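Lettering follows sequence order; numbering is per chain, from 1. These numbers were taken from a predicted model, which means no experiment stands behind them.
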Amino acid sequence: MTRLLRPRLTVVALLVLGLAAALSLVGSSAPPALRESADLGRFDPGNIIDDTVFYDSTTMNADQVQAFLAANGSGLAGLRFDTWTRTGDDYCGAYAGAAQETAAAVIAKVARACGINPQVLLVTLQKEQGLVKDASISADQLRKAMGYACPDTPAGCDATYNGFYNQVYMASRQFKRYQALPNRYGYVAGRVNTIPYFPNDPTCGSAQVYIENQATAGLYNYTPYVPNAASLAAGYKASTDRCASYGNRNFYNYFTDWFGSTQTSGAAAVTDKARALAATGRGLGAALGDVACDLPGGGCRQRYELGDVFWSAMTGAHDVRGEILAKYLATGGPTYMGYPVGDDQRDTRVVSTAVWYSNFQYGDIVWSQATKAQVVRGPIRDHWLALGASAGSLGLPTSSDAPAGGGGFVVDFQGGSVYWSAATGAHDVRGAILTKYRQAGGPAALGYPTSNDSRDRAVASTPVYYVNFQGGDVVWSAATGAQVVRGPILQRWIALGASAGPLGLPVTSDAVAPGGKGYVVDFQGGSVYWSPATGAHDVRGAILARYRSFGGPPVLGYPTGDDSPDRNAPGVWFTNFQGGDVVWSQATGAQVVRGAIREHWLRLGASAGTLGLPVTSDAVAPGNGGYVVHFQRGAVYWSPATGAHAVQGPIAVKYAEVGGPLFVGYPVGEQGTDRAAPGVTYSNFQGGDIVHSQATGAQVVRGAILAHWLSLGASAGPLGLPVTTDALAPGNGGYVVDFQRGSIYWSPATGAHDVRGAILAAYRTAGGPPYLGYPTGDDSRDPRVTATPVYYSNFQGGDVVWSAGTGAQVVRGDILRKWLELGASSGRLGLPVTSEALIPGGQGFVVDFQRGSVYWSASTGARWVASAINEEYAARGGPAGELGYPKTDTTTLPTGQQQVVFQNGTLTR
Amino acid sequence: MLAGGIVGDVVEAGGRCTLTLSRGGVVLTGESEAEPDAASTSCGEVAVSGAALTAGPWDAVLSYASDRSAGESAPFTVVVP
């Protein structure tokens, strides 16, 4: 005798003249753990799944189910079952049993036999027992795999229906019974139904749901509760709300995440599309295998002989063919491009060649025989479309969308390329500008374009095109080619008016300048140099040419200022560099001034100052180790030992004329004015002075001669100003400078001594150094003669003696010695009254003194003849007469008479 | 008038569902055969109709009975317009 049970009975549907009410509960509510994220905001309790989807048995074949189970790590993938044959009934067709069938085969065969979507069966297996996601599956899970005939009672499942095959088949059949006998079950489509939120707990309340279709009514009959707001808000998770139930929520979650929309049947749409294409003469041929609906987002794909049809809920079904299909699959198919949004089409705007394309959610694939199938997508595609697509200026794509570095992308087209980055958007780059951009290193070097290929409207004379990039511009004209300008150089160029400014167009690209410490770009009207220390500055014209011929950055460094006019000197332009200035005027050209010479020039007032403009560039001066720049009114010389000093005017001319540093060393001071000698200027050099006056010109005095002159009081001294420049004296080895009132001779043997007045004249008349040698003493007064001033100079080869009464006379050799022996000027003979003279006949010499003469011949030596005898001797013809040369000096006889013995006689007086 | 319900704790065949309406001593009933379902037993459409079903509120109850079990819903009121 069976025990009478007291089951809970819930009224779920009530229809009174169009009014329906209801209430109910049953079933387990264990929420499985889950990960994905269907949008439960789109969960419609009245239409959980569409009939066309629910009853579409073609969405997966056994292999696809098997692959799906394996991909999810399901333990079912490795299970096999012995099945038995069912003959079928009003609800399901026959099932041919077999030994050791895979779970996937069971699912696919039951789906086909009963007309249920195998995806519904997979979702139900997961929803009821977690069989898709569980790697390890227990016998108990298999026993009640679909939860069929398993009430939440102590008795549990009806053993009649235990087992995997049994459960799958009977549950499928039950869904078909709901469809065949809708009025036999509590929830009915087309009415408002009262559906509880939670099993067997009236306090949880219920929802009034208008059930739109039979598939949804079946789900509620199979699992008779509806998720409340808390359940939906929890996604895949369990809610803390005690009234949250999960069965139908999870059905929706799993189906949507695994297979896409519950509202559209992809498989049916795919076959419909294939039929429709065949009807228009664009058939795809025979199907190759089954429709697969295991693509991302629940998409479907069917392969045909001539192409594939892809379907997704968002896009519908469209064909993709040939090389476009190959490209689509090679790039990752739906994962990369999304699904096709239109059919394979010919581009009718292009008439020159056959162009075919397919549009996808995230891009297009465009094909022609010449350019092959290429991917264009995202903002690059939008840009291309805006320019007229294949029929526009860019033409067909010749490469596929590809990373271009730094997160950006590029597609090449026949007429240029389109680059995109998040920061810059998509812009086209073309022709020579594109070539240059790539040569320069592309995005890695110049960043992405921030403008499209554009014509520079500011230049009217010739077409100029440019593209702006993040890191610079590329500018093109036919005459100048495409050139890169960037960074601070670009900013300077723009500040000057860019292509329409004085610099004009770039003729070179941004490049490391000689020396490697900065960059330079040449423009039509000059160059702009940049270095970290100096920034960017323009250099132009002759100044630029000079800068470069002088060695450019390695020699003069980088410009520290721009090409500028000299405010103090009209018509003068200059550019300052780290290592000097280049100064230009029409008259003087561009010249380099630098270092200490430049500093000195600036101190003297630069272009508007004492020296005026440079007429030469900084150059090594003659003589090691120094430099010179010549200016309009002088020069500045520099050497390590002396520093920089200016020489000016006639002194500078003279200095240069005599050989500059080679002759007199480097200047050691600035030009000065001789305070002791009005109108006299001078410059001191290492090896001498140059002294100038209007009357005497500029003359060089140096060495020992200079020292002697200075010791005598220089310009204000007895010699006055130099009237000649230090020069070799006649006769080897000595030098002479003539002054206003005398000369100073110098030889290594004698040193420097002055010779003056009539003595000097006599010295020179007699033959100067070759005759008398160099002075061995200075012009001196003879202290032994007090009656009258007597002056003399001693020379290596004789003396010159002067008095007002006797003039300057030359005495030398044995005659001189004889005279000195006799007491010289204050002695027996007194002063010379003639200079040494050759005696007619050429055998001897004579000098006449105040009180006698001294004769010399080689055979007789020097003999003096007193005046008293000399008169007689002269009267008798002198040495040339009968007496010949004296053989003795004048002697005084005991008688008091004077006597001289000659070669041929004796005179006594 | 149609009513439907679900017998939540039992799966069995052969049971019957009865809808009982009563008002002022008048009692009207309708019956249907219950249907075993996956995890419950369903009462499909249980109908009461005819001239006796006059306008106004009726006290209603849906009950289920089989050889092994019996039960009924909480009483509810329906209003016939």
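- Partner A:Lys127 forms a side-chain hydrogen bond (donor to acceptor under 3.5 Å, both in side chains) with one of A:Asn253, A:Thr223, A:Asn248 and no other, that one being A:Thr223.
- Contact of A:Tyr178 with chain B is made through the side chain alone, with heavy-atom distances under 4.5 Å.
- Between A:Asp89 and A:Arg173, at least one side-chain N (NZ, or NE/NH1/NH2) sits under 4.0 Å from a carboxylate O, which counts as a salt bridge.
- Inspection of the B:Glu12 and B:Ser66 side chains reveals an N or O donor paired with an N or O acceptor under 3.5 Å.
- Within the 4.5 angstrom heavy-atom criterion, atoms from both the backbone and the side chain of A:Asn183 approach chain B.
- With respect to chain A, the highest number of heavy-atom pairs below 4.5 Å among B:Val46, B:Val48, B:Leu53, B:Asp37 belongs to B:Asp37.
- Ring geometry for A:Tyr95 versus A:Tyr169: interplanar angle over 60°, hence perpendicular rather than tilted (30 to 60°).
- The residue among B:Gly44, B:Ala38, B:Ala47 with the most heavy atom pairs within less than 4.5 Å of chain A is B:Ala38.
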